[in-house]
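Below you'll find the structure, written out as structure tokens, and then a few comments.
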Amino acid sequence: MNIEKKRFYFDCDTGIDDAMALGYLLAEKESVEILGIGTVCGNISAQQGAKNTLDLLRLAGQPSVPVAIGENSYLYYDYVCDVQHIHGENGIGDLVLVPSASHTITESAAELLVRLARENPGKLDIIATGPLTNIAKALQLEPLLPELIGSMTIMGGAALAPGNRTPVAEANIACDPEAAALVFNAMNNIVMVPLDVTMSHTFEEEDRNRLLLSDKPFAKAIGEMLEVYTDFYVDTYGRKTCALHDPVAAVLAVRGLDACIAPKVKVVIDATQGPGRGQTLCDMRGKYLGYPEPLDANCHVVLGTTQNMADLLMHKLLSVG
Ligand code: BDR
Ligand code: CA
């Protein structure tokens, strides 16, 4: 039986955990087709993110996935790279990969997304694991984008959990709250994978060692770059470990809502200049009634998963290439 593959546009700021998400998506090649990848500034510049992505695709033996460089500044603010202590100077833990012979395409990430959405009406799903600037730009180019795409899964936000960039804001939303506000106001089929869930799924040192011992170059490279990422998390968890932010979002985008607990509620982005800037204000007041879906609900907020994400991810990462 021929199962139709899910078609994805992947928007990322590659990024160590973005690299893990990419590896997972490539490993799901029986059920996933990545039609294009766009990079955005965030963990690293959009140009460096594209280079990282192309080099990782080469390492995984899938060098022909189209990669477009996206926005290198936010909607209203300049980009400043300030997360070298988390992702290294080059975004991938200072690991030097063999350069890919492939080049980025000439379209911008927003143009690529719009073209793919028009070519695959209702059939294209978006995964976004960086700031939402490219998606906002795509909405400006094509206001009918929400009707053209199937679903959009984002890693970002914090529903009831604290933020990681400010007391209330998660990094991807905090980088460009105006873009996030535009996206959340325009779309009503978002799946938000917030810190509430991603902080509970980790790779420990024994997991990193399993990757390092792999004879597959992609898995080994992830193990190597995790050295920097897991060092960063010592101050958060008290041990060398790391949160699986972007890969959890990628898994849930592929496996769907059956793989998680995700009430559909109204989410508003704080794009003010006050202390709440970048917060995802999630209306969780339905909690005691089991979250009946309100009429203005725009977003499934993932609060838990039904599977062990670390095990699933390890299994998949070890099979890439
Ligand atoms: C998010 O911020 C970035 O540093 C990670 O790649 C992830 O997308 C977590 O808040
Ligand atoms: Ca990311």
Side-chain angles (χ1 to χ4, degrees), residues 8-25 37-46 48-50 52-53 56 67 70-72 74 79-93 109 126-135 152-159 161-177 179-180 183 191-203 222 225-226 228-233 235-237 241-253 269 277-280 301-302 309 313:
F8 284 106
Y9 164 81
F10 179 39
D11 199 88
C12 53
D13 57 339
T14 328
I16 296 172
D17 59 330
D18 302 80
M20 296 168 86
L22 175 64
Y24 166 75
L25 292 172
I37 302 177
T39 60
V40 63
C41 59
N43 292 328
I44 202 73
S45 70
Q48 181 65 38
N52 294 345
T53 306
L56 286 161
V67 177
E71 300 305 308
N72 210 30
Y74 301 124
Y79 166 60
V80 179
C81 183
D82 55 3
V83 291
Q84 292 91 338
H85 59 300
I86 307 176
H87 294 274
E89 293 291 330
N90 70 352
I92 49 170
I126 299 174
I127 305 175
T129 61
L132 293 172
T133 323
N134 288 339
I135 315 299
M152 179 169 84
T153 304
I154 68 150
M155 189 283 130
N164 60 357
R165 177 55 71 94
T166 77
V168 295
E170 180 278 332
N172 285 338
I173 306 294
C175 281
D176 196 350
V183 171
V191 178
M192 178 173 111
V193 185
L195 295 174
D196 306 61
V197 67
T198 63
M199 289 296 285
S200 317
H201 296 273
T202 58
F203 261 5
I222 296 290
M225 57 182 95
L226 281 175
V228 171
Y229 203 46
T230 53
D231 273 348
F232 164 72
Y233 275 109
D235 282 350
T236 308
Y237 291 96
T241 184
C242 70
L244 299 172
H245 303 296
D246 295 347
V248 169
V251 171
L252 296 179
I269 307 296
R277 181 170 172 77
Q279 184 171 12
T280 43
V301 175
V302 179
M309 293 286 126
L313 191 64

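When a ligand or atom number is given, it counts from 1 through the structure's own listing order. Each residue takes its place number in the sequence, starting with 1.
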- Message: Please give the atom name: the N, O or S atom of Asp13 nearest to the Ca ion (ligand 2).
- Response: OD1

- Could you tell me whether the side chain of Tyr79 and the main chain of Cys175 form a donor-acceptor pair under 3.5 Å? no

- Of all the atoms in ligand 1, which lie at a distance below 4.0 Å from a heavy atom belonging to Met155? 1 (C), 7 (C), 8 (O), 9 (C)

- Note on the structure: Shortest non-hydrogen pair, Met192 vs Pro194, comes out as O-CD, 3.1 Å

- What is the minimum heavy-atom distance between Tyr74 and Thr133, and which atoms define it? CD2-OG1, 3.5 Å

- Shortest protein contact, atom 8 (O) of ligand 1 (heavy atom only): Asp246 OD1, 2.6 Å

- Message: Please work out, at 4.0 Å between heavy atoms, whether the side chain, the backbone, both, or neither of Asp18 comes within that distance of ligand 1.
- Response: side chain

- Counting N and O atoms only, with roles assigned by atom type, does the side chain of Asn72 sit under 3.5 Å from a partner on the main chain of Ala46, one being a donor and the other an acceptor? yes

- Considering only the protein, which heavy-atom contact is closest to atom 2 (O) of ligand 1, and what is its distance? Asn172 OD1, 3.5 Å

- Task: Just need the protein heavy atom nearest to atom 4 (O) of ligand 1, so name the residue and atom and give the distance.
- Result: Asn43 OD1, 2.8 Å

- Go through ligand 1 atom by atom and flag the ones less than 4.0 Å from a non-hydrogen atom of His245. 9 (C)

- Do you know the tightest heavy-atom contact between Pro177 and Ala174? CD-O, 3.3 Å

- Message: Measuring from non-hydrogen atoms of Ile86 to any atom of ligand 1, is the shortest distance under 4.0 Å?
- Response: no

- Task: Could you please compute the angle at the Ca ion (ligand 2) from O of Thr129 to OD2 of Asp246, rounded to 10°?
- Result: 90°

- Task: Identify the protein heavy atom lying closest to atom 6 (O) of ligand 1, giving its residue, its atom name and the separation to 0.1 Å.
- Result: Asp17 OD1, 2.5 Å

- With a cut-off of 4.0 Å, which atoms of ligand 1 are near a heavy atom of Asn164? 9 (C), 10 (O)

- Message: If the test is side chain to side chain donor-acceptor pair (under 3.5 Å), which one of Asp17, Asp18, Thr198, Asn172 qualifies with His245?
- Response: Thr198

- Query: When you measure from atom 1 (C) of ligand 1 to each heavy atom in Met20, Met199, Glu170, Arg165, which option holds the nearest one?
  - Reply: Glu170

